[in-house]
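Every chain is numbered from 1, with letters handed out A, B, ... down the list of sequences. The shown structure was predicted, so the numbers you read here are calculated from the model rather than taken from an experiment. What's counted below: heavy atoms across the whole structure, side chains too, no hydrogens, waters or symmetry copies.
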2 protein chains.
Amino acid sequence: MSNIKKSHFAILGLLSWQPQSGYDIKKLVEVGLSHFWNENYGNIYPTLDGLVRDGLAVKEAGNTSGRRTRNVYRITQQGQQLFDDWLAQPADLPIVRNELLLKFFLSGRLPNKASLRIVQNYQVHQQVILEDYRRSAAILGRAIETGTYPQEVMMLLNNDTRPLNTKQKARQCKFVLLTLRHGIMAVEARLAWCQEVMQVLTE
Amino acid sequence: MSNIKKSHFAILGLLSWQPQSGYDIKKLVEVGLSHFWNENYGNIYPTLDGLVRDGLAVKEAGNTSGRRTRNVYRITQQGQQLFDDWLAQPADLPIVRNELLLKFFLSGRLPNKASLRIVQNYQVHQQVILEDYRRSAAILGRAIETGTYPQEVMMLLNNDTRPLNTKQKARQCKFVLLTLRHGIMAVEARLAWCQEVMQVLTE
DNA sequence: TCAGACATGTAAGTCGTTACATGATTCA
DNA sequence: TGAATCATGTAACGACTTACATGTCTGA
């Protein structure tokens, strides 16, 4: 079995929610998980082939309605096993490469004004992101509370081609919301840092 | 001029603090900047060559004391110009790939216990990191307050081969400390998230 | 004397991204 | 009829990372 990387597990894990196509995976990640993950076609399709080759998934040539051929993939027992094993292992701690902090640190050679400009610019960007996250979180929160899943939520879950039952829907909403909370709290911390730094550097 | 990537600017920027060798750069990043950046030899040495080729730095074959040949690199006017231009541009927003959140999200298919295990494990790791960061921050804070730079601080700045004057030293300490504050606040936010998630999932 | 820090570099590999190529279907 | 979305794929490239190779100097 070939050396297995994170994308493999990401895709395998998405198949473990429900069988779907490469296109579905791309859209789901793009729309619902983009605050913590990304995948692109150039990676997805070869990975799906690889999963099939390794017996971790099977291709079910599902030709939904009059559409073009959709290749729907379903996780196998073996794939499920491998995925569950991976899930049980602690996540690797990410290699950190924060360009903003790099710029900030390296600006230390110059007058404070240069560093302040960097931080102010960062602050503006983070504020935009925060509002975006909060909007999404509000939509999801409302859906979970009321048990109704309007168009907006389905957009966030990209649920048009992969039918989910109510329980799955609620569960997926809940987990997307919790990951969004992570994003919100992280952004808030960054904004607090901006405040602190601006205070220190303007003293 | 070849297509220039982040590592080039990171290294160029470190040269803009003071002339130094590839080995110095590696150690400085490893010891003082590891909470937000990394570089490895396989990248540093070819990059330094590239900088010289592009006229952004010059090699000063400085043979310090009886040691093995040390190739010390000094940034050029042109390099400084290019670096300053880069510094003035907003940082690219990083492509996010958070393995922990991926695992957490994908664990949503299973009973809450599985998700809780992931979060608890994360919490423990983050606590260790937090203590580490706090220790370093305390050392740096003390140095800045008292104006004295004991061995410990010099370790954090890896200041044995690249002599700094007092002003540079204070400045560098201050900026490392401020980036550390970013790390601390980020980790605290993650720990707060763990708390929140554990509460939600055990209800 | 020998372990460990000092010091520089190369080659191959990995993983993911970008750009390209192709074509069907839907709806305004 | 033509733009947008649905849908699948490949090839080349880019940006590091890992493993390897080599040798010096210092201090216990």
Side-chain angles (χ1 to χ4, degrees), chain A residues 2-11 20-31 34 37-53 59-73 92 94-99 102 155 158-162, chain B residues 2-11 20-31 34 37-53 59-73 92-99 102 154-155 158-162:
Chain A
S2 49
N3 186 25
I4 295 164
K5 40 205 170 189
K6 312 225 185 286
S7 287
H8 277 64
F9 285 111
I11 290 168
Q20 54 194 307
S21 71
Y23 193 80
D24 291 336
I25 288 169
K26 171 66 175 157
K27 281 292 160 290
L28 175 58
V29 171
E30 201 168 271
V31 175
S34 62
W37 203 256
N38 73 302
E39 287 296 344
N40 49 52
Y41 290 127
N43 207 6
I44 293 170
Y45 288 115
T47 297
L48 286 168
D49 284 349
L51 294 178
V52 171
R53 232 193 352 268
K59 190 194 267 195
E60 299 184 334
N63 210 338
T64 312
S65 63
R67 276 161 159 166
R68 191 195 160 174
T69 319
R70 276 165 49 77
N71 298 327
V72 173
Y73 294 82
D92 292 350
I95 46 118
V96 274
R97 271 197 142 193
N98 186 323
E99 191 186 339
L102 177 68
M155 292 280 284
N158 192 248
N159 186 233
D160 45 340
T161 53
R162 299 167 300 102
Chain B
S2 50
N3 186 26
I4 294 164
K5 40 208 170 190
K6 312 224 183 286
S7 287
H8 283 243
F9 284 111
I11 290 168
Q20 55 194 307
S21 71
Y23 192 81
D24 290 335
I25 288 169
K26 171 66 176 158
K27 281 292 160 290
L28 175 58
V29 171
E30 201 168 273
V31 176
S34 63
W37 203 255
N38 73 301
E39 287 296 343
N40 49 52
Y41 291 127
N43 205 7
I44 292 170
Y45 288 115
T47 296
L48 286 169
D49 284 348
L51 294 179
V52 171
R53 231 192 353 268
K59 190 194 268 194
E60 299 184 335
N63 211 339
T64 312
S65 62
R67 276 161 160 167
R68 191 193 160 176
T69 319
R70 277 166 50 77
N71 298 327
V72 173
Y73 294 83
D92 292 351
L93 34 98
I95 45 120
V96 275
R97 269 194 143 196
N98 186 322
E99 190 184 341
L102 177 68
M154 291 301 106
M155 293 281 284
N158 192 246
N159 187 233
D160 45 341
T161 53
R162 299 168 299 102

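Minimum atom distance to the side chain of B/Arg70 is reached by C/dA7, of the listed D/dC6, C/dA7, C/dG16. Here the nucleotide nearest the side chain of A/Lys27, chosen from D/dT17, C/dG16, D/dC6, is D/dC6. The side chain of A/Lys6 lies closest to C/dG16 when the candidates are C/dG16, D/dA7, D/dC16.
Whole-Å rounding puts the B/Ile25 CD1 to C/dC6 P distance at 16 Å. Rounded to whole Å, the distance from NZ on A/Lys5 to P on C/dG16 is 6 Å. If you take CD of B/Glu30 and C1' of C/dA7, they are 14 Å apart, rounded to a whole angstrom. Across the protein-nucleic acid pair, B/Ile44 atom CD1 and C/dC6 atom P stand 14 Å apart, rounded to whole Å. A/Lys26 places its NZ atom 14 Å from the C1' atom of D/dT5, with the value rounded to the nearest Å. Atom CD of A/Glu39 is separated from atom P of C/dG16 by 7 Å (rounded to the nearest Å). Atom CD1 of B/Ile95 and atom C1' of D/dC16 are 12 Å apart (whole Å). One can place OH of A/Tyr23 at 9 Å from P of D/dT8, the figure rounded to the nearest angstrom.
Using a 4.0 Å cut-off between a side-chain N of Lys or Arg and a carboxylate O of Asp or Glu, B/Arg70 and B/Glu60 do not qualify as a salt bridge.
When the side-chain nitrogen and oxygen atoms of B/Ser21 are compared with OP1 and OP2 of C/dT8, one or more of them lie within a distance under 4.0 Å. Regarding contacts with the backbone of D/dT17, a side-chain N or O of B/Asn38 is found under 4.0 angstrom from either OP1 or OP2.
A pairwise comparison of heavy atoms in A/Glu39 and A/Lys26 identifies O-NZ, 3.1 Å as the closest pair. Across every non-hydrogen atom of B/Gly22 and B/Ile44, the tightest pair is CA-CG2, 3.8 Å. In terms of heavy-atom proximity, A/Trp37 sits nearest to A/Val29 at O-CG1, 3.6 Å. Nearest heavy-atom pair, B/Asn43 versus B/Ser7, reported as atom, atom and distance to 0.1 Å: ND2-OG, 2.9 Å. Contact detail for B/Pro46 and B/Tyr41: the closest heavy-atom pair is CD-O, 3.8 Å.
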_CA sep, side-chain torsions, deciding dist, call: A/Tyr23, A/Val72, side-chain contact (heavy atoms from CB on, under 4.5 Å)_ = CA-CA 9 Å; A/Tyr23 193 80; A/Val72 173; over 6 Å; no
Give every pair of a protein N or O atom and an N or O atom of nucleotides 9-11 of chain D that lie under 3.5 Å apart, one pair per line with the distance.
{"unit_1": "D/dG9", "atom_1": "OP2", "unit_2": "A/Asn71", "atom_2": "ND2", "d": "3.1"}

